[in-house]
Each structure stands twice: as structure tokens, then as C-alpha cells.
Novice: 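Attaching a single structure in C-alpha cells format; questions to follow.
Here is the naming used below: chain letters follow the sequence lines, and residue numbers restart at 1 for every chain. Basis for what follows: all heavy atoms, side chains included, without hydrogens, waters or symmetry-related copies.
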There are 2 protein chains.
Amino acid sequence: MTILDSETKATEHSDDHGDELRLWLRLLTCTTLIEGEVRSRLRERFDVTLPRFDLMAQLDKAPDGMTLSDVSKRMMVSNGNITGLVERLVQSGHVDRRTSEVDRRVQVIRLTKSGRVEFRKMAAEHEIWIAEMFSDLGEKDVRELMRLLGKTKLSVRKAADGRVG
Amino acid sequence: MTILDSETKATEHSDDHGDELRLWLRLLTCTTLIEGEVRSRLRERFDVTLPRFDLMAQLDKAPDGMTLSDVSKRMMVSNGNITGLVERLVQSGHVDRRTSEVDRRVQVIRLTKSGRVEFRKMAAEHEIWIAEMFSDLGEKDVRELMRLLGKTKLSVRKAADGRVG
DNA sequence: CAAAATTACTTTAAGCATAAAATAATTGGA
DNA sequence: TCCAATTATTTTATGCTTAAAGTAATTTTG
């Protein structure tokens, strides 16, 4: 019977999900390690937090500015969160915020000149840190990991969307 | 000269780190997606947060209990964080906390009987959710991803340790 | 043995994050 | 036109997270 069951893979899914669980934990560990390292280096080197760095990275790609909603979607975080984050970046002089002329509900934010200069410095080092952390992986590994994570992303989205929409 | 430069790979590292950066962003996206999905399902189905679930998962593996420091190390979060998390789980009746008889600095925590029963239910569903999210990946993909992430983990640790210890 | 160092935990202050409710501006019909 | 629905953002309440400082118990050491 045991043999028979283990052969009955035709039924789409096996009931042993241990491998996927271990994969998820390993994925999480990698992300947590890298993120923690980036956070502490950003803090040490530039006295900046990761959320602020991420927000500035979005703005750096949008010379004409972005609305808070745009930022919120791109960063995959809540609206209310962005409000506070932007407020702190305005205080520190990295970001400029103004109300849109055409739609007074909308806030358009941009990097200030000095904010942009500072960000570029951070980004340059950041890129080196990341490369260093992945340096034991060969070109082929990087390509293959990229491919498998792309596949994972699609799979997760499918499972997530299937539940709501 | 351009050709010459691009051939000068003998100098260990190239200066283009774009691939690694893209890889990191994709890794982060995958983790964020999965984590977000798990968070919202835990909340909907069991009215529990991910940190509480994670803490209970640690305790489930330690029938004789753990000290707060143990938990802190295992979960890779700060001590102060654990204090608050445990306090809330004690309030909700999932966790039992007592001062060690042999060392009165030490707090030993365990799942309560009902906490364990509840956690096992959550864990069973959680495992299915994860398997579902990875379901587009074949066995070979899972194995390969596992291998590459293992390599990544080592690489990151090396880069991180190299900086401090 | 007593002072100093270490260990375990808690508290504090600040920031990040969310969901849900509130506010304010704009748009789309009837 | 006007008012209902929608959209953009802010506010509120709650919880997670950290680093740093504080407290208390134990261990080390002179």
C-alpha cells in the first residue's frame, strides 16, 4: 500500500510539502541576511534608513517627480506609510514636495539637487555591496537564479491573485 | 581600448554590477510577495501576525521551552523585540512564561497546551499555502533553487563577516 | 570574599508598517 | 447644475523593529 501510494503521483499534488517549506525558509534567510547587511551599512556610511534609500531610488528614476500614489504602488507599501516617509525626507532636505497645479489632491515629490547628489553616492556604494555579497556566484549561477526567481514570482502571483481576483 | 578593457577580466571583478543588483531586486520581490501573502492569510484565517506565528514555530520545536535569548538568536531579531512579542503571546494565552529556578535572570517560555493545538492548525495550512505558491516549479527547479540559494547564503555570510569579524 | 565584568532581560525613543476611517478634491452622470 | 461616486492623501490606532541605556542576577578575578 505504501508503494502504491507513493506511485500515485498522477493525482497532481503529493502531500509532502516539506521541500517547498524548506525552500521558502532558505529564500527568507537569504533576503533577511542581505537586507540586514544593507541596512547597517547604509546607516553606518550615510546615516540613512533603507526605506528612505528605497524611496530616493524611485525618485532618482523619475526626474519629473512622482505622486505619492505612484511611489506607494512602486514600493508596494501602504499610502499612509509614504506620507510619513516623505515628511521625514522633506525635513532632511532630500525631497521637495509640492501640490499639483492641475489636481489639488495630488502631491508631486522630487529629489532636491543635494538629495540627488547624496543619493547617487549611496547608490554607487550600494551596488558594490550587493555585487560583493553575490561574488561567490558565477555568471551562470546568476543567470540561472534570475530565471528560477522569475518563475517563482509568476507562480506566487498566480497563487495570490487566484485567491482574491 | 574599449575592446581591450572588456577583455581585461583577469582583474577579478568587472565593474558592471547591474546583474547582481537586478538579482537582488528580484530576490527581494519574491520574498516580499510571499511574505505579504502569508501575513494576510494568517490574519484572515487565524487573526495572528507573522512574528507571533514565527515565535510559536520556534517554541513548537522545543517542547522543554526556550530562553528569550535562544528565541532572539534563532529568529535573528533583537532582544527587546522578543520581550514585547512574548508579552503579547502570554496575554493571549498561547505562551507560558516562567523564571528559571537555577538562574533568576532567565525567562523560560513554552507553548501552552491550547497554544500548541492552535499553532499546529496554523502550521498545517501554512505549509499548504507555501506549496501552492511554489506549485509552478518542478522538483528539479526546487532542487536547483535550493542549491543556488545555499550558495548565495554562504557568499553573503562571507561578505558580511569579512567586514566585522 | 568583594569589586568588576558579564549575562539576561526590560525599557525607552524613534522609525517603519498596516488597515481602517476621515478629509478633501475631482469627476461622472441624472 | 448638483450630488453621488471616485480618487488622493492624511490621520489614527496598533503592532513590529531596532539601538542604546538601564536593571538585576550571576560569574570572574584580584
Novice: With sugar-phosphate meaning primed atoms plus P, OP1 and OP2, does A/Asp103 contact a base, only sugar-phosphate, or nothing at under 4.0 Å between heavy atoms?
Specialist: sugar-phosphate
Novice: If you measure only the distance, is there a donor-acceptor pair under 3.5 Å linking the side chains of A/Gln107 and A/Ser100?
Specialist: no
Novice: Report yes or no: is there a donor-acceptor pair, N or O only, under 3.5 Å between the side chain of A/Arg105 and the base of D/dT7?
Specialist: yes
Novice: So do B/Arg52 and B/Leu85 actually touch side chain to side chain, heavy atoms under 4.5 Å?
Specialist: yes
Novice: Should A/Met146 and B/Leu27 be regarded as members of a common hydrophobic cluster, given that ILVMFWY residues are connected when their side-chain heavy atoms come within less than 4.5 Å of each other, either directly or indirectly?
Specialist: yes
Novice: Passes side chain to side chain donor-acceptor pair (under 3.5 Å), A/Asn79 versus A/Ser72? Steps please.
Specialist: CA-CA 6 Å; A/Asn79 270 331; A/Ser72 168; 3.3 Å; yes
Novice: Does D/dG15 have OP1 or OP2 sitting under 4.0 Å from an N or O in the side chain of B/Arg88?
Specialist: no
Novice: So do the side chains of A/Met56 and A/Val48 get within less than 4.5 Å of each other, counting heavy atoms only?
Specialist: yes
Novice: Between B/Ile109, B/Val108, B/Leu68, B/Leu89, which is the residue that forms a side chain to side chain contact (heavy atoms under 4.5 Å, CB included) with B/Arg97?
Specialist: B/Ile109
Novice: Reading DNA chain C 5' to 3', which nucleotide is the first, and which the last, to come under 4.0 Å of any heavy atom in chain A?
Specialist: C/dG15 to C/dT26
Novice: Can you work out whether A/Gly80 or B/Asp70 has the more 5'-proximal nearest nucleotide on DNA chain C?
Specialist: B/Asp70
Novice: Ignoring backbone atoms, establish whether A/Ser69 has a side-chain N or O less than 4.0 Å from OP1 or OP2 of D/dT7.
Specialist: no
Novice: For A/Glu101 and for A/Thr49, find the nucleotide of DNA chain C with the closest heavy atom, then tell me which residue's nucleotide is more 5'.
Specialist: A/Thr49
